[in-house]
Amino acid sequence: QRPRLSPPRQSWAAPEQTYDNLSGVSFGEQPISPPTMANVPMLPPTPVTNITLPVTPGADGRSSVQLRKISEIPEVFRPVFKGLPHFNIVQSQVFDNVLYTDKPLVVCAPTGSGKTVVFELAIVRQLMQSGQRSSAFPHKIIYVSPIKALCAERWTDWSSKFSRYGLTCKELTGDTDVDDFHELQSAHVIITTPEKWDSMTRKWKDNVSLMERVRLFCIDEVHLLSDTDRGPTMEAVVSRMKTIQSSVMRSNANRIRFVAVSATIPNAKDVATWLSSPDLSAALHSLSEEHRPVRLRKVVLSFPSSKSSFKFDMSLNYKLCHIISTYAEDKPALVFCSTRKGTQQAAGILVKEARFVLTSQHRQRLQHTSHSFKDAKLRDFVVCGVAFHHAGLDASDRSALEALFAHGDLPVLIATSTLAMGVNLPAHLVVIKSTQQYASGGFQEYSESQVVQMIGRAGRPQFDTTATAVIMTRHETRHKYEMLVGGTQLIESSLHHNMVEHI
């Protein structure tokens, strides 16, 4: 079944941007009472008739929300959230709905606002309901993300966190060697991509015994539904799981709970309606940019295009120095280029045009570190406070660069766009140098997911209160990216673009 989203149109998903605060909007009536767990004391939940928490103006002009304490969950599950003194604003807003009800849930909040904890609370809910803390946990939990690097990160993190409760995590992506359902029988948490789960579930009727054990289906980055590359598969997978629910699940106790998180989008209500069941509407929490830990300024700069895409890309190198000096505020800057050669060219020009090393002590630290690099060019550039990063470098060089940048000693790192999908290296300033990449024999625009991921690297919560993302593009595409960063585009179904592949 196709999702009942708004009429299709060519659009981009909106990344984080300020909207009216819709937090507190919910669908449905009274929550399901929280289950008890043997020998585990539980605090009585507050009835959730209105999910808006008390809001009062903060000292900085932002709205402040009553934060929920970690002590409000059963003690046995508190190690999952070890290191958190309390839940943040986003997590506190959704706390009652995710932990004390079985409603489908949609959470739209800015990048870096701790949405992963929402999934972890939903998993804790499953453990509370089952009353099990051993390998006898009878159900399956599916986590789907369109980005393989996120899947690997979730597998590493959750394998550690949930092993104490007897849960086994299995990563199922194109990078793993799991090929059939038999290998998933022993797994409790399956971490996968839409494409892999699509291939595994096309003949789901041959594996009904496994599918009917699915109780929680977590969808990360759901705003990528409108991405013409990744969106159709994600849409088909979720629709198939809804079909499985209506075909296999015979009682409310056996229903699949859908929990989806995304960047802030204007029509989140459409996604919530899509994930609702006929007899149980989804709860929707949509939070604006003011809830982002680091305020993000987004700038779109356009330049005259050239007949040659290579020449245009090269011309942007000579504008980087001015952009970095204008927006970086002497803090780490991360520049994304489309090619390995492009990163080296941009670094070479920056080294000649600017001076990023502030003190003699800073230069001494960089000189000392530079001796460990195997790449000769990298050694010369690092001393000047500039470096390039791509998959062609030795692994030890890449790791050393990442550590140097993370500690704030490397002022400018120029990397290929694939870095945004992998290692988490936040920066005060992110620059997307050209919105095109060379693929399939020609230049084409970055996909929506790539742009959103790159923009999301701006902001270091432990150091900054503000950050900046700059997009450098052609005059012809300026309006497209202004609408992207402005948050005015709706999330629309894109399944009709690839309907034949999913019939």
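Taking the six-membered ring where the residue is Trp, the centroids of F443 and F310 are separated by under 6.0 Å.
F162 and Y165 have tilted rings, their planes meeting at an angle from 30° to 60° on a 0 to 90° scale. The aromatic rings of F81 and F87 stand perpendicular to each other, their planes meeting at an angle above 60°, with 30° marking the opposite boundary.
Under 3.5 Å, the side chains of D313 and Q345 contain no donor-acceptor pair of N or O atoms. For the residue pair E402/H389, the side-chain donor-acceptor check at 3.5 Å is satisfied. In this structure, a donor-acceptor pair under 3.5 Å is present between the side chains of E476 and S305. Side chains of S493 and E235: a donor-acceptor N/O pair is present below 3.5 angstrom, by distance only.
Taking CG of D375 as the start and CG of L401 as the end, the distance is 9.0 Å to the nearest 0.5 Å. Note: M234 CE to W197 CH2 = 15.0 Å, rounded to the nearest 0.5 Å. With rounding to the nearest 0.5 Å, the separation of CG in L316 from CE in M472 is 4.5 Å. If you take CD on Q344 and CG on L378, they are separated by 9.0 Å, rounding to the nearest 0.5 Å. Note that the CG atom of L121 and the CZ atom of R68 stand 10.5 Å from one another [nearest 0.5 Å]. Atom CD1 of I141 and atom CD1 of I190 lie 10.0 Å apart (nearest 0.5 Å).
Relative to the ring axis of F312, R474 places its NZ or CZ within 45° and under 6.0 Å from the centre. Relative to the ring axis of F336, K433 does not place its NZ or CZ within 45° and under 6.0 Å from the centre.
Judged purely by atom type and a 3.5 angstrom limit, S160 has no side-chain atom pairing as donor or acceptor with the backbone of D157. A distance-only check finds a donor-acceptor pair linking the side chain of K140 to the backbone of Q185 [under 3.5 Å]. Checking side-chain atoms of S247 against main-chain N and O of I244 turns up no donor-acceptor pair under 3.5 Å. Not a single donor-acceptor pair under 3.5 Å links the side chain of S281 to the backbone N or O of S277.
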Hey, mind stepping through W274 and V106 against side-chain contact (heavy atoms from CB on, under 4.5 Å) and telling me if it holds? CA-CA 10 Å; W274 174 43; V106 176; over 6 Å; no
Please lay out, stage by stage, how Y143 and W158 fare under the test ring pair (Phe, Tyr, Trp, His ring centres under 6.0 Å). CA-CA 11 Å; Y143 167 89; W158 288 354; 5.3 Å; yes
Step-by-step side-chain contact (heavy atoms from CB on, under 4.5 Å) determination, M128 to I73: CA-CA 10 Å; M128 289 164 55; I73 64 174; over 6 Å; no
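Considering all non-hydrogen atoms of both residues, R125 and V98 come closest at CB-O, 3.9 Å. For the pair P194 and S145, the tightest heavy-atom approach, listed with the atom from each and the gap, is CD-O, 3.3 Å.
Ion pairing of R255 with D279 is present here, as a side-chain N (NZ or NE/NH1/NH2) and a carboxylate O approach within less than 4.0 Å. At a threshold of 4.0 Å, the pair R398-D394 does not count as salt-bridged, since none of the basic side-chain nitrogens sits closer than that to a carboxylate oxygen. The pair R230-E221 fails the salt-bridge criterion, with no side-chain N (NZ, NE, NH1 or NH2) lying under 4.0 Å from an Asp/Glu carboxylate O. By the 4.0 Å N-to-carboxylate-O rule, D220 lies too far from K115 to be salt-bridged with it. A salt bridge is defined here as a Lys NZ or Arg NE, NH1 or NH2 lying under 4.0 Å from an Asp or Glu carboxylate O, and R240 with D198 meets this definition.
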